[in-house]
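So the structure is just underneath, and the comments pick up after that.
Throughout, a chain's letter reflects where its sequence line sits, starting with A, and its residues are numbered from 1. No hydrogens, no waters, no symmetry mates; every other heavy atom, side chains included, goes into these values. Every value quoted in this text rests on a predicted model; they were computed, and no experiment measured them.
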Amino acid sequence: MPEPRPISFLSDFGLDDEFVGVVHGVIARIAPEVRVIDVTHRVPRGDVRAGALALMRAIQYLPEGVALAVVDPGVGTARKAIAAETPWGYFVGPDNGLLSPAAAIVGGSVRAVAIENPELVLPSSGATFDGRDRFAPAAAALASGQASLDELGPAVHPDDIVPMVLPLPEIGESSIEGEAWWVDSFGNVQLNVGPEDLHEVGLSEGRPVEVIVGVLRRNATWVRSYGDVEVGTPLLHVDSSGMLALAVREGSATDFFVLRSGSRVTLRKP
Amino acid sequence: MPEPRPISFLSDFGLDDEFVGVVHGVIARIAPEVRVIDVTHRVPRGDVRAGALALMRAIQYLPEGVALAVVDPGVGTARKAIAAETPWGYFVGPDNGLLSPAAAIVGGSVRAVAIENPELVLPSSGATFDGRDRFAPAAAALASGQASLDELGPAVHPDDIVPMVLPLPEIGESSIEGEAWWVDSFGNVQLNVGPEDLHEVGLSEGRPVEVIVGVLRRNATWVRSYGDVEVGTPLLHVDSSGMLALAVREGSATDFFVLRSGSRVTLRKP
Amino acid sequence: MPEPRPISFLSDFGLDDEFVGVVHGVIARIAPEVRVIDVTHRVPRGDVRAGALALMRAIQYLPEGVALAVVDPGVGTARKAIAAETPWGYFVGPDNGLLSPAAAIVGGSVRAVAIENPELVLPSSGATFDGRDRFAPAAAALASGQASLDELGPAVHPDDIVPMVLPLPEIGESSIEGEAWWVDSFGNVQLNVGPEDLHEVGLSEGRPVEVIVGVLRRNATWVRSYGDVEVGTPLLHVDSSGMLALAVREGSATDFFVLRSGSRVTLRKP
């Protein structure tokens, strides 16, 4: 039996009910030696894109092993349950695009299967709770080495895994049309824009940037870190994921710029 | 010393304060080798019935060992602190009915004690925080094998443990009077009604059911899974705990049927 | 290599994003054998005093090892990142007063360093997320014994660590001017007042106390425990941290006395 590997677990189950605890319990019953790290369980309900982005941001910081992710508005439909092997380790979850961005940045899926082996699915007296009955046992079996990928079910070609289409910014002559794709709980707003995109339209660190959201136009200085502006001042910086983000020092960019996840944002020289 | 066994920990402590962390800390100081699984800590404050139902739903998925549960509006009163042995393992918590349904479905308490041995209770400079000072040390001692049940305190006859009286549905000629006993955070509403109850009044899978809440009458189709109805459509199904539940595909049954935990619900042929 | 020691982790990161999970991941990558206990991650955002008080209340219940605490409104400014050695173990976090009260009650810092060794800081493609890039690696290295304190960076004299100034109550002839310094999520209000302070102004257990908040005057009986008053009745008692606290049995003192953290409270004989 190989060395047990940790499971990193992300979901939209929330913490109000016993769902997360039950998944931990199922894993501990099957593979008591496997450690489980909770990435977050407060992905907005059914928001597959938000879950995919969170997993993508986190993956390089998680210990190699098994990523178990469940944001699954299609539970009870024909969407497949999959397990995929990547250079980082295994990804287990619904085939709805949730796993794809994270799997891609660690090297992509080299093999995948549909989790259908009935011997590895817990029986349920009613509706299947796939997180508990199908994904947790598969993750536990892979993490502990009790089953190989092939034993979980029939092969799925990696090219047939549902991708996650993430919006790209539109780079114009003098402006960028981007999108807010993550508002964190500090009120910081990450854009789908990288620092090289800003350089392309003539913007540079240390200079102000005009930020247009709907009819609202506001300026923010592109700085290296919070400490470069006064408390309460808006700023644009390369955040800890390497993407451009709007922030307000000790304040909330989501309030200041009137932004939410998915909002269109234009950046240009003032 | 026997093999250490895991502790599964449920409470209404919430996550805003350090209460849960302190209980983990106390366990780790006494028994560093014991693993602790958090079932949930967001049981509604002081809602012993909700905590008892959550533990009952979870118990068969938790690894055998020790269940530590604290929902304890009577802390500081004469209610006993108990530890009970069942075929699944030990249950530790207040004697207010919280532990009883879960203990019952794993075979019932065969022995029980009041946790009163002063050597196993942490001293406190003020009010006792029983979760920290009494229940956590008892759970740690049982899980690690540092103390036997008898060492915790005087025997309590299992018949004298406070039961949890759960409402039964009233099955009429053509309708069922039931109750919503769990609204999960997805807005699904579990009833105290099993599928066999519906059969008794002539309802069957695949057919519509009239759902009456107060003066509101709405229909829902009894289906096998979410995928059997369109997005936004109400449904009745046997949920993953084996009980009847009202749901709305990718929506909220609590909103649609105007229901909350404890609401009376009548089911009958439309 | 010495025995690995546990890390107790407190922050204001909240649970909505993947921040806490990423810190766990970084620790597990560096030191997979080290256990991490979550104290709480819902310290009010940027509230260094609230975080310091929570850590101070918890510390004696946490297993000796490493305390990793991050409430850091000054991230990205010149404030130092420190690690300090105390008789309890190591404290790791920002040098903003957060660590000081807890370190003091376990015996005080005997040695300290600024965490500046670039080999122990994770590279980031953008802004540093110090919890992830600087504090987590330092905590993991200390907990696992992979680095000694001295290897983390240059020495800081313990006297130069930023203290946390906590308000003291003003004891008058017949009254105490105190402050609410913690409102827990049950609505209990801990004051910066000890039982000996009340004795000094002639108040004693079993007797009523007049509680003045702004223009509002209300009485509460000083009792030993909740069970000594009726449900819904206000009380004053020595709480489980050894401090005076206002409470309402099965109710909320924050509502009843119209109090919040930081409110001034006068106590005197009615």
>> I'd like to verify something: which residue of R79(A), R45(A), H24(A), R35(A) has the highest number of heavy-atom pairs under 4.5 Å with chain B?
In response: R45(A)

> S185(B) versus chain A, heavy atoms under 4.5 Å apart: side chain, backbone, both or neither?
Replying inline: both

>> Would you say CD of E196(B) has more than 12 non-hydrogen atoms from neighbouring residues, nucleotides or ligands within 6.0 angstrom?
In response: yes

> Would you say R224(B) has more than 12 foreign heavy atoms packed within less than 6.0 Å of its CZ?
Replying inline: no

> Between R132(A) and chain B, which part of the residue has a heavy atom less than 4.5 Å away: side chain, backbone, both or neither?
Replying inline: side chain

> Can you say whether F186(B) sits under 4.5 Å from chain A via the side chain, the backbone, both, or neither, judging by heavy atoms?
Replying inline: both

>> Once you measure the plane-to-plane angle for F91(A) and W88(A), does it fall in the parallel (<30°), tilted (30-60°) or perpendicular (>60°) bin?
In response: tilted

> Is it true that a side-chain atom of D38(B) and a backbone atom of T40(B) form a donor plus acceptor pair closer than 3.5 Å?
Replying inline: no

> Picking from G14(A), P73(A), S124(A), which has the most non-hydrogen pairs under 4.5 angstrom with chain B?
Replying inline: P73(A)

> Counting N and O atoms only, with roles assigned by atom type, does the side chain of R218(B) sit under 3.5 Å from a partner on the main chain of F256(B), one being a donor and the other an acceptor?
Replying inline: yes

>> I need the residue from L10(B), I37(B), D228(B), D239(B) with the largest number of non-hydrogen atom pairs under 4.5 Å to chain A.
In response: D239(B)

>> So for I27(A), is it side chain, backbone, both, or neither that comes closer than 4.5 Å to the heavy atoms of chain B?
In response: neither

> Can you tell me if N192(B) uses its side chain to pair, donor with acceptor, with the backbone of G178(B) under 3.5 Å?
Replying inline: no

> Which atoms of D184(B) come close to chain A, meaning under 4.5 Å heavy atom to heavy atom: side chain ones, backbone ones, both, or neither?
Replying inline: both

